[in-house]
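Written below as structure tokens is the structure these notes are about.
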Amino acid sequence: MGELGQPFPGWLEGVVKHFSSLSSEEQTVTLNQLIACCGSEQLWHLQQKLPDFLYRDFVSLLPPELTEKILSYLPPASLLSCCRVSRLWRDRVSCMQQLWLMQAKRVGCNTSLMERQEAILGNPDWKVSCVEALKLRNLLDCGRAWNQEGLVNLVRPPGRFSALNHHLGHIAGGTADSSPHPQQEENSESVVVWSVQDSRVTVSFPVSGSVSCIKLHYPSLVVCGHFDGTLSSHCVSGEDRGHPPGSLLHKFRLHTAPVLSLDLAIAEDLLVSGSADCSTKLWELSTGQLLRTLSNQSHWVLSVILCPLNRHQVPRFRGRHLLLTMTRDDIQLWTWIDPLSQASPHLTQPDLYIPLKSVTEAIQSFFFTPGLHFDGSRISFIRQMPMFDTQTIGDADIVILDANTGKVVHNVHVNQKIRKLLAIGSRYAVLLLPFVDNKYKNLAVVDLVKREIVGGATVPHSRASTPDFSQVSLGDNRWLDGLSGEVTTGLVACLALADSSIQIVTWDNRQEQEPVRCSSPGKHGLFVTGSSW
């Protein structure tokens, strides 16, 4: 009963109505008085009820579409923290596959590869993929994603490896500066093929001269360019050619200066070589016959890329083979259709010309930086301004051109001095920077979307054998299109060192179940395995 015998419900309704008519200040004073009069049972009730009014769980109350929209503004690490708030949050957030697909793209996961495999493997769990890619990014940032190992005693000092190339899990190395063996005075240099997976020499054989560049097509063929201006092709396994391993197949003799670069297309039976005699030559690989000479190069031909007609997607040159050449002055793209011969009307002038230096002396000229790459539709290279005041700080750009139009489609500035653009994909690029000390990551990974260096490793200094750094080779570069456990295995890179050894860098797959802590300034340090979410 209320006051004056009034029933309680009616009295309570009057009190609430009168309380609502009070000012905000008066309501606060009234509440303070009521709380002061409450016993322990009433205070416990207040403690249980107040969170329901003060803290609303928007994940459970809002429509899923709105919740997903709100959560999409969070960075991936914060979104994973949301999964640890409660079981309800974990279950609701984990089911938002479109949200996790967006986050997987944000952290650099290879989503296109997984979408192509969807018909075979079923719908991918984008949350798992995001966690995997985020962990790899943290390992790269901490310098713990890769292992390093030195391969020694593969060649007799003072010989050293002057050229390396990787193909299908094997490294081919060619030597220079070797002293003659007492029983092999003519062929003092050699080629060694090393299996990365088995950690052993697959085959080793002598060659006729110091190797300036090398190209491996395992398990059938290896082609060497030599400092004496010749090229030689050798059988590797001998199984498909009926020759003992290392047998000389053909000798190519028409360059008058060191061969600095080469490329080959087995199916088209083509070999292309670039030389310090300022010429590019196309050969028939199976016979050694010279097919064509491009002699109007402006300087030494430092890099060549051969792309058959079925391996590029350039509409302008559909049905034509492509050849890219790089000198210190320019990049040229040449095209032709079969058959190719000295009398062919093709290859008289380049179809695309890209200058690497400024066209006027009034503008400071670019400093030549090696590294020419072609992915079938886009041409990538480095433009770098000379800076001599510092050891590391530079002014360089990763330039990506559309081969169809010749126009720049992407440009990423890097404020570091760059020795070479080693490789580039649709998401990441790998740069070789100057060696400074053991704390400076001179094998650097650049995120082309975020436009920043996201990690790497410190590798020993490797002295250049040729202007295009033929003593350095990249391994399986599929991960440059996006990170995933399937592509982050095997060899990352290999470098020939002055002490006659080879430094190999491989993915460290033992880190899969270990928590990662990163102490980089301005970044969250804690990172654990996906099962916690």
Side-chain angles (χ1 to χ4, degrees), residues 71-80 97-116 124 126-143 145-146 313 371 373-384 394-403 405 407-416 418 420-433 441 443-457 474 476-488 492 507 518 520-524 527:
L71 293 176
S72 67
Y73 292 100
L74 293 178
S78 298
L79 189 61
L80 291 172
Q97 287 299 306
Q98 287 301 314
L99 174 64
W100 288 107
L101 172 59
M102 182 187 70
Q103 296 290 354
K105 292 179 179 178
R106 183 180 293 179
V107 300
C109 183
N110 192 346
T111 57
S112 59
L113 174 63
M114 297 178 184
E115 287 171 340
R116 290 195 297 269
W126 293 115
K127 179 188 174 184
V128 173
S129 301
C130 182
V131 170
E132 186 179 51
L134 189 59
K135 180 178 181 180
L136 288 169
R137 285 288 291 263
N138 277 268
L139 288 169
L140 281 171
D141 179 60
C142 299
W146 301 332
Q313 303 83 41
H373 301 275
F374 180 62
D375 64 1
S377 60
R378 303 186 303 175
I379 303 169
S380 304
F381 58 95
I382 296 289
R383 275 203 173 113
Q384 183 168 202
D395 183 6
D397 292 279
I398 302 173
V399 182
I400 303 174
L401 288 173
D402 184 352
T405 63
K407 296 182 178 179
V408 176
V409 294
H410 198 44
N411 189 85
V412 178
H413 182 73
V414 181
N415 61 346
Q416 302 287 324
I418 299 175
K420 183 180 179 179
L421 173 62
L422 293 177
I424 188 168
S426 59
R427 181 60 190 252
Y428 300 102
V430 181
L431 304 175
L432 181 65
L433 310 179
K441 296 183 179 70
L443 187 64
V445 179
V446 178
D447 189 325
L448 300 175
V449 175
K450 294 190 174 182
R451 299 171 178 266
E452 61 183 5
I453 294 177
V454 294
L474 261 286
D476 185 352
N477 57 11
R478 291 177 298 164
W479 64 274
L480 297 175
D481 294 325
L483 299 172
S484 71
E486 295 181 8
V487 297
T488 50
V492 178
W507 286 99
C518 182
S520 298
K523 297 192 177 182
H524 299 289
F527 189 85

Any side-chain heavy-atom pair from [X] and [Y] closer than 4.5 angstrom?
{"X": "I424", "Y": "I400", "value": "yes"}
{"X": "D481", "Y": "V487", "value": "no"}
{"X": "V128", "Y": "E132", "value": "no"}
{"X": "L79", "Y": "L99", "value": "yes"}

What distance separates [X] [atom1] from [Y] [atom2], expressed to the nearest 0.5 Å?
{"X": "S426", "Y": "N110", "atom1": "OG", "atom2": "CG", "value": "6.5 Å"}
{"X": "L140", "Y": "W146", "atom1": "CG", "atom2": "CH2", "value": "5.5 Å"}
{"X": "H373", "Y": "L480", "atom1": "NE2", "atom2": "CG", "value": "9.5 Å"}
{"X": "L432", "Y": "K420", "atom1": "CG", "atom2": "NZ", "value": "9.0 Å"}
{"X": "Y428", "Y": "I453", "atom1": "OH", "atom2": "CD1", "value": "14.0 Å"}

Excluding sequence neighbours, so at least two apart, what forms salt bridge (Lys or Arg N to Asp or Glu O under 4.0 Å) with R451?
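Checked R451 against salt bridge (Lys or Arg N to Asp or Glu O under 4.0 Å); zero matches.
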Is it the case that the side chain of D476 and the backbone of R478 share a donor-acceptor pair, with hydrogens and angles ignored and the cut-off at 3.5 Å?
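A pair under 3.5 Å: yes.
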Keeping the roles fixed (side chain from R137, backbone from V107), state whether a donor-acceptor pair exists under 3.5 Å.
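Indeed, once roles are kept as given, a pair shorter than 3.5 Å links the two residues.
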So, for [X] and [Y], which heavy atoms are closest and what is the spacing to 0.1 Å?
{"X": "L433", "Y": "A444", "answer": "CD1-CB, 3.9 Å"}
{"X": "A429", "Y": "L448", "answer": "CB-CD2, 4.0 Å"}
{"X": "C109", "Y": "A133", "answer": "CB-CB, 3.8 Å"}
{"X": "I418", "Y": "A396", "answer": "CD1-CB, 3.6 Å"}

Partner residues of [X] under the side-chain contact (heavy atoms from CB on, under 4.5 Å) criterion, sequence neighbours left out:
{"X": "N415", "value": "H413"}
{"X": "V449", "value": "R427, D447"}
{"X": "D375", "value": "S377, R378"}
{"X": "R106", "value": "P76, M102, Q103"}

Only counting residues at least two apart or in another chain, list the ones meeting ring pair (Phe, Tyr, Trp, His ring centres under 6.0 Å) with W479.
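W479 satisfies ring pair (Phe, Tyr, Trp, His ring centres under 6.0 Å) with W507 only.
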Only one of V445, L443, L422, I398 passes side chain to side chain contact (heavy atoms under 4.5 Å, CB included) with L431; say which it is.
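The passing option is I398.
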